[in-house]
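Worksheet: one structure, shown below.
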Amino acid sequence: MSDIKKIQDGQALSRREQLMLAVKLAMPAILAQLSSIMMQYIDASMVGRLGTDPSASVGLMSSSLWLFWGICSMVAMGFSVQVAHCLGAKEFAKARSVLRQGLVSVVVFSMLMALLGVAIAPGLPHWLGGKAEITADATLYFTVFVSALPMLTLNYICGGMLRSAGQMKIPSILNVLMCVLDVVFNFFLIFPARQLDIAGMQFIVPGAGLGVLGAALGTVLAEVIVALLMCRYLCWRQEELNIARYARESFRPTKAVLKKALRISLPMTLEHAIFCGAQIMITIIVAPLGAVAIAANAFAVTAESLCYMPGFGIGDAATTLVGQSYGARRFGLVRSFARISVGMGMAVMTIMAVVLYVCAPFMMELMTPVEAIADLGAEILRIEAWAEPMYAASIVAYGAFVGVGDTLWPAVMNFGSIWLVRIPVAAILAPSSGLVGVWIAMAIELTFRGLIFLWRLFSGAWLPKH
């Protein structure tokens, strides 16, 4: 019997078995997150070869894209958490019903979000303070990505449903494939046709020469292909969630499921919107500092994500383990898995922080040949490395809280931390210290956020009364 089945069947799990199960689920999730980061590295390094302005045009739109992507992924989470609870309670028919309703609901919602994004795309770079030389590419980049939002959201919900069922391997493999496809598509779409000299032999490599547009198209194509494969596996191959076997059952969303999804998702969605709003505010604070600062900020965010994305992978595992334990009404396991996961996340991200601090110059040089951008990016990354362990605490604890449907107060905590600490401190420090001051503010805020999430974790206030 697999350990995840032991949760559903009420079997005893030793502390060692709990730890090994957390590691078993976390490792594929970490791999999936790292593959996603590698895609960002690929895009950043390839676009970085085009110069400062193309890099700045991509960096300017990053926070706005995170806003749209994140809102759709949070909506999808409202259904994934319900599925985890149903599977933990061995209510497989109900889990499939929630899956069907979730697929319809999130695709419709993401289509509406895509229409909104396309409508605001022409004016958005100007609202963010972008200079005239980068706004055209920025608009094009944003429009391509936001138009593909329904397919990207399909990838989110299918991957989330598989993880809720304890299936981490397939999403991880497919995310690695997405990384490979992104490299291939970008290679041919970003750059023009060129001549390569290999072992004394000359080869003409075809290329579309689309620049920033090519970067957007390459990533979107990779995401779409993987989304279709993910959906195929979920709906036809996953044992508990094989809805193709029950094709005649209704896909119509019901009031009960939508209401519960809304209760779970709404605080998370608002929290993410507020968080991305803060990121957009940071972009507005950084934009007057010039193209070098915009590009360095965007590249450093991408480089830092190598450090914190393993935390999100462990957070995904925590959501699954805590969610299934809660669905099975095993409240001792709920607490234990939450604490084990948070400890694991802090340990992994502490190691990654050391790597980040030591390798910061090399990481920036990989993404841009512009020395001024690379030097500034390395300096701010070393500031941020000190905050990573506490950032891990907030990321993984949040994943555990989501597993039991506790999303309102964590959203309030994130809101208060970002808007009452990060933004004011950044606004105060930016005029005198530039981008360095903005990242000092970020490090202070992440440390504060980790402390308050640890307090909530150990206080037990996140656990529903039973």
With a 4.5 Å heavy-atom cut-off, do [X] and [Y] have their side chains touching?
X: Met151; Y: Leu228; result: yes
X: Thr319; Y: Arg163; result: no
X: Glu304; Y: Tyr391; result: yes
X: Tyr141; Y: Ile134; result: no
X: Arg456; Y: Phe401; result: yes
X: Val425; Y: Glu445; result: no
X: Val104; Y: Arg252; result: no
X: Phe453; Y: Val396; result: no

- Query: Which atom pair, heavy atoms only, marks the closest approach of Tyr326 to Val334?
  - Reply: N-CG2, 3.5 Å

- Of all heavy-atom pairs between Leu87 and Ala165, which one has the smallest distance, and what is that distance?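 Heavy atoms only, the tightest pair is CD1-CA, 3.5 Å.
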
- Message: side-chain contact (heavy atoms from CB on, under 4.5 Å) for Phe299 and Leu381? Distances and angles first, verdict last.
- Response: CA-CA 10 Å; Phe299 286 149; Leu381 281 176; over 6 Å; no

Euclidean distance, [Y] [atom2] relative to [X] [atom1], rounded to 0.5 Å:
X: Met344; Y: Phe337; atom1: CE; atom2: CZ; answer: 9.5 Å
X: Ile225; Y: Asn155; atom1: CD1; atom2: CG; answer: 11.5 Å
X: Glu388; Y: Thr447; atom1: CD; atom2: OG1; answer: 9.0 Å
X: Phe185; Y: Met178; atom1: CZ; atom2: CE; answer: 12.0 Å
X: Leu103; Y: Leu234; atom1: CG; atom2: CG; answer: 6.5 Å
X: Ile264; Y: Gln82; atom1: CD1; atom2: CD; answer: 5.0 Å

- Message: Would you say Thr320 and Gln324 are linked by a side-chain donor-acceptor pair, where the criterion is simply a distance under 3.5 Å?
- Response: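 Gln324 vs Thr320: no donor-acceptor pair found between side chains.
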
- Item | Whether over 12 other heavy atoms sit under 6.0 Å from Trp409 CH2 |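 Atom CH2 in Trp409 is not crowded, with 12 or fewer foreign heavy atoms closer than 6.0 Å.
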
- Message: Tell me whether Trp419 at atom CH2 has more than 12 heavy atoms from other residues, nucleotides or ligands lying less than 6.0 Å away.
- Response: yes

Look only at the side chain of [X] and the backbone of [Y], and say whether a donor-acceptor pair between them is shorter than 3.5 Å.
X: Ser265; Y: Met74; result: yes
X: Arg449; Y: Ile418; result: no
X: His85; Y: Gly403; result: yes
X: Ser97; Y: Ala93; result: no
X: Gln101; Y: Leu258; result: no

- Item | Option passing side-chain contact (heavy atoms from CB on, under 4.5 Å) with Gln238 (candidates Ile243, Leu99, Leu162, Ile170) |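 With Gln238 as partner, side-chain contact (heavy atoms from CB on, under 4.5 Å) holds for just one option, Leu162.
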
- Assess whether side-chain contact (heavy atoms from CB on, under 4.5 Å) is satisfied between Leu189 and Leu221, documenting all intermediate values. CA-CA 11 Å; Leu189 292 174; Leu221 285 172; 4.3 Å; yes

